[in-house]
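Because only heavy atoms are used, hydrogens play no part in the values below, and waters and symmetry mates are left out as well, while side chains stay in.
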Amino acid sequence: MLSQDEILKRMEEWPKHYSPKDIEPKWQKLWLTQEYWEKIFKFDENSEKPVFFIDTPPPFTSGELHMGHAYWVTIADAMARFKKLQGYNVLFPQGWDTQGLPTELKVQYKLGIPKENRELFLKKCVEWTEDMIGKMKSAMIRLGYRPNWEQFEYRTYHPNYRRVIQRSLIEMHQKGMIRMKQGPVYWCPKCETAVAQSEVGYLEKQGILVYIGFPLKEGGEIVIATTRPELLGATQAVAVNPQDERYKNLVGKKAILPLFEKEVQIIADPDVEKDFGTGAVMISTYGDPQDIRWQLKYNLPVTELVDERGKIKGTGFLDGLKVEEAKKRIVELLKEKGYVRKIETIKHNVLSHTERSDCLSPIEFLVKEQVYIDVVPYKGRLLEEYKKMNFKPQRMAGKLEEWINNIEWDWNISRQRLYGTPLPFWYCDNLHLVPADISSLPVDPTKSNPPVDKCPHCGLPLKPLTHVADVWVDSSVTVLYLSGFYENKLRFNKTFPADVRLQGTDIIRTWLFYTFFRTLMLAGNVPFKRVVIHGQVLGPDGTRMSKSKGNNVSPMDRIEEFGADAIRMTLLDASIGDDFPFKWDTVKGKKLLLQKLWNASRLAYPFIHGRKLDRPTTLHPIDQWILARHKEFVEKTIQAYENQDFFVILSMLYEYFWETIADEYLELIKHRLFNDDKSAIYTLGRILKDIIILLHPIAPHITEEIYSLIFGEKQSVLLESLPSTDDIKVAEDVVRMGDSVKKFNSLVRTNKVKMRMSMNSQIKVEVQGPKQFLEDLMRVEDDLKKTLKITEITYREAEQPDVKISPA
RNA sequence: GGGCCCGUCGUCUAGCCUGGUUAGGACGCUGGCCUUACAAGCCAGAGGUCUUGGGUUCAAAUCCCAACGGGCCCA
């Protein structure tokens with residue numbers, strides 16, 4: 001037994017203040033060592049342990065790790081660490097989505113490398129990418145993120161990954177799902193490339209609604225309203241609603257396009273909104289998706305009026321003008337000739353290039369030869385199969401379903417770019433596709449010869465496809481790549497489908513949908529069993545972070561001050577699926593909680609460190625009480641981890657650890673600790689160790705530090721296993737006693753505050769209350785006296801509990 | 001135009017599915033207190049017509065309807 005002085009001296013060995021910036025990098029370095037890798041973080045293909053495979057998002061390599069990244073990094077890391085503690089063999093990958101327009105633009109404009117020099121351009125793209133990865137990776141590591149870098153870090157430009165992408169395309173082609181065809185495509189004139197349906201969205205913009213009088217062939221006129229007067233030259237018909245009395249007698253008649261002097265028919269279609277404009281619209285090729293539907297429905301001719309750079313062609317008088325300029329010019333001309341009836345300024349939704357790009361330019365529809373993957377024919381099957389995945393939160397399943405329901409066009413996968421996965425095909429003038437040999441992958445058709453001399457279908461000469469794949473073609477095979485679908489059947493059988501997919505709401509219709517679709521088509525099953533979809537991290541003002549609003553917060557801004565652990569706790573203190581504002585004040589609060597844990601450990605250290613914590617045959621009633629509470633905490637925490645309800649764990653830390661253990665229990669057992677009471681020492685050691693283990697996935701650094709200082713039997717908390725509480729018997733009378741003690745403590749303290757006494761002052765107490773209440777207190781009278789500096793307690797039965805105190 | 005989500009102390013939120021203590025916590029605020037871990041602390045306290053209006057019920061923050069406000073997605 002140590003003397004009081006010795007105990008206090010040993011306590012001084014423990015740094016008084018919790019300093020995350022000293023602790024965290026140390027552990028991050030250790031986790032990355034070969035030794036920790038081998039013992040803890042490695043995914044062992046030969047292990048008999050159950051496998052847990054989490055599919056994490058491969059972020060685009062922008063170079064900046066923003067709060068949204070920090071959020072999923074934290075969730076994924078916490079999930080993986082928990083599963084390790086639970087005894088799983090964890091496959092925890094991290095990929096990089098390396099290809100795409102933003103990188104090309106940086107290389108083109110920031111580095112000034114011309115696209116014409118293809119080799120150099122691609123080399124610089126890769127260099128830029130690696131640079132960006134380096135920055136993001138070090139920030140991830142600084143947050144305590146520890147995936148299987150050694151085995152499962154991947155880059156979508158890498159030959160190994162590219163081989164899987166290309167093979168998946170060739171196999172889809174073999175299944176008859178890929179074809180080249182001509183048709184309208186979403187086109188971004190600014191980026192000069194085709195984009196997919198999932199990359200566009202509607203943005204509210206200021207525009208004009210022009211009312212134009214079309215003369216009727218038989219005399220008179222019909223006034224149409226349009227936001228796209230510049231497309232007048234590509235107008236193929238005028239449409240009205242069949243129910244519209246105003247136009248009933250005009251249906252079937254001919255109208256004449258002003259300026260172009262072309263006759264078009266007036267048709268009736270139920271999709272025309274009677275209340276918009278004049279109720280008469282012009283159908284042009286193409287102003288919006290509705291025009292495409294009408295063009296197909298009525299088999300209207302197509303006039304190509306806009307070129308790849310968004311300039312008008314084929315009109316003579318508007319040629320070479322950009323769409324916006326042409327709009328102004330044609331309105332002027334129409335005014336001069338007296339065709340304009342009215343012009344309104346309106347706010348309307350304009351289809352724009354919104355996804356994965358800050359481009360936001362309006363989308364045009366161009367007629368192009370492109371490569372498509374059939375999606376529409378599989379809608380029915382997709383609507384059935386998606387139900388095999390369970391969603392957290394459940395409502396997110398509805399978002400996927402809604403998206404599948406809304407799919408109208410097949411997936412255009414060709415992009416007119418350089419830095420991307422080459423589509424592994426050659427083609428002929430009849431648009432037949434000839435795939436590369438699987439043995440030749442990865443392949444760049446522009447640099448290799450086709451596997452056959454001529455088109456096997458029609459004998460025409462073959463040309464290489466110069467297009468690259470949509471980035472979602474790349475990232476929709478993460479599960480197939482990681483599980484080893486093509487290249488490691490042993491691993492595939494063990495790991496497929498993945499246990500969890502983690503991602504944000506914003507990529508449901510892209511990453512989630514395409515992975516689900518492609519994996520189902522190629523491997524015949526859904527890619528994962530469970531999809532966990534988190535919300536967005538908002539700025540401190542509760543709105544979306546954006547540079548223009550200046551409400552951007554980066555996790556790295558104040559990580560030295562508060563530490564990665566406190567940031568992780570803040571991010572996890574939200575219900576998964578909800579958006580939440582990020583405030584440094586909240587982080588400060590989490591740091592205080594960790595400081596509390598630090599101090600409690602400081603108190604426990606001299607009594608527990610280096611001691612054997614055998615369970616004594618009998619336990620003090622107060623220890624029995626805390627163990628009963630402890631059992632509840634352990635069980636609920638494990639349950640919360642299983643459901644990814646991290647905020648539940650955090651609220652229990654406040655309630656159980658801070659309020660119950662730190663504020664009540666520790667005070668009650670101090671006198672016994674100093675007297676080397678075996679029951680108290682055993683209990684404190686046990687609950688503290690369990691708390692450390694259970695908190696580790698959320699706050700890995702501080703828990704490793706405390707564990708190593710106090711317990712340290714193993715090199716890492718992760719070599720421990722989840723606590724079991726099977727041996728703890730919960731006795732009702734003990735739990736009730738705990739409540740009585742808490743009540744008594746509170747009454748005594750309240751009275752001391754009222755009487756302006758210091759907490760330290762000696763008092764006499766007269767307590768009243770129901771018989772049961774008094775008996776509970778008598779059971780631990782000695783502990784109450786020592787804890788609350790009471791010299792004498794007298795008891796009196798009464799209905800309501802109350803105390804009277806007086807100075808001793 | 002359609003769908004989904006959300007409105008709870010000054011701020012962020014738990015509770016709502018499965019109706020039933022005094023609506024719980026964190027940050028902030030007020031007062032007191034250096035107590036064998038912790039003043040980056042402790043103790044105590046103030047602060048809420050649960051957006052509004054109807055309805056169901058013995059009983060509504062919770063279930064239903066409507067309105068208002070905010071957000072997201074789709075057309």
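- Taking the P atom of each, rG24(B) and rA61(B) are spaced 14 Å apart, rounded to whole Å.
- Residues meeting the ring pair (Phe, Tyr, Trp, His ring centres under 6.0 Å) test with Y286(A), sequence neighbours left out: none.
- Applying the ring pair (Phe, Tyr, Trp, His ring centres under 6.0 Å) test between Y71(A) and each of F646(A), F582(A), F580(A) identifies F580(A) as the sole match.
- In this entry the distance linking CG of D506(A) with P of rC74(B) reads 11 Å, nearest Å.
- Residue contacts for K588(A): at a heavy-atom cut-off of 4.0 Å it reaches the sugar-phosphate backbone alone, with no base atom in range.
- Using a 3.5 Å distance cut-off with no hydrogens or angles, the side chains of D5(A) and S3(A) do not pair a donor with an acceptor.
- Taking the P atom of each, rG71(B) and rG32(B) are spaced 44 Å apart, rounded to whole Å.
- Nucleotides rG19(B) and rU62(B) place their P atoms 12 Å apart, quoted to the nearest Å.
- Taking a pair to require two hydrogen-bonding distances under 3.5 Å in either a Watson-Crick or a G-U wobble arrangement, rG1(B) pairs with rC74(B).
- Remark: R10(A) engages no residue in a salt bridge (charged side-chain N to carboxylate O under 4.0 Å, His left out) (not counting sequence neighbours).
- The CH2 atom of W403(A) sits 11 Å away from the C1' atom of rA75(B) (whole-angstrom rounding).
- Pairing for rG20(B) goes to rC58(B), judged as Watson-Crick or G-U wobble with the two contacts each under 3.5 Å.
- For E705(A), the salt bridge (charged side-chain N to carboxylate O under 4.0 Å, His left out) partners at least two apart in sequence or on another chain are K26(A).
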Readout for nucleotides 36-46 of chain B: B = base within 4.0 Å of protein heavy atom, S = sugar-phosphate only, - = neither; 5' to 3' it is BBBSBSSBS--
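- Base pairing annotation: rG69(B) forms a Watson-Crick or G-U wobble pair with rC6(B), both donor-acceptor distances under 3.5 Å.
- When Watson-Crick and G-U wobble pairs are counted only if both distances are under 3.5 Å, rU30(B) pairs with rA44(B).
- Under the salt bridge (charged side-chain N to carboxylate O under 4.0 Å, His left out) criterion, E667(A) pairs with K670(A), not counting sequence neighbours.
- Atom pair Q394(A):CD and rC5(B):P shows a separation of 12 Å (rounding to whole Å applied).
- E24(A) contributes a side-chain N or O that, together with a main-chain N or O of A564(A), makes up a donor-acceptor pair within less than 3.5 Å.
- Between rC50(B) and rC16(B), the distance separating the two C1' atoms is 11 Å to the nearest Å.
- Here rG3(B) presents its C1' atom at 16 Å from OH of Y202(A), a figure rounded to the nearest Å.
- With rounding to whole Å, K754(A) atom NZ is found 17 Å from rC33(B) atom P.
- R293(A) comes within contact range of the sugar-phosphate backbone alone, with a heavy-atom separation under 4.0 Å but no base atom that close.
- Using C1' as the reference atom, rC12(B) and rA75(B) are 35 Å apart when rounded to the nearest Å.
- By the salt bridge (charged side-chain N to carboxylate O under 4.0 Å, His left out) test, K636(A) pairs with E632(A), sequence neighbours left out.
- At whole-Å resolution of the value, CZ in R544(A) and C1' in rC5(B) are 14 Å apart.
- Residues satisfying the ring pair (Phe, Tyr, Trp, His ring centres under 6.0 Å) criterion with Y665(A), sequence neighbours excluded, are absent altogether.
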For nucleotides 9-18 of chain B, print each protein N/O atom paired with a nucleotide N/O atom at under 3.5 Å, atom names and distance only.
| residue | atom | partner | partner atom | Å |
| --- | --- | --- | --- | --- |
| rU11(B) | O2' | K583(A) | NZ | 2.5 |

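- Between D541(A) atom CG and rG70(B) atom P there is a gap of 15 Å when expressed in whole angstrom units.
- The ring pair (Phe, Tyr, Trp, His ring centres under 6.0 Å) search around W411(A) returns Y514(A), not counting sequence neighbours.
- One atom, CZ of F276(A), and another, P of rA75(B), lie 17 Å apart when rounded to the nearest Å.
- Taking the C1' atoms as reference points, rG15(B) lies 38 Å from rC34(B), given to the whole Å.
- For the P atoms, the distance from rU49(B) to rG3(B) is 33 Å, rounded to whole Å.
- Take the nearest nucleotide of RNA chain B for G589(A) and for Q290(A): the residue whose nucleotide is more 5' is G589(A).
- Nucleotides rC42(B) and rG48(B) are separated by 27 Å at their C1' atoms, to the nearest Å.
- Annotation: Y656(A) is not in aromatic contact with W658(A) [ring centroid separation under 6.0 Å not met].
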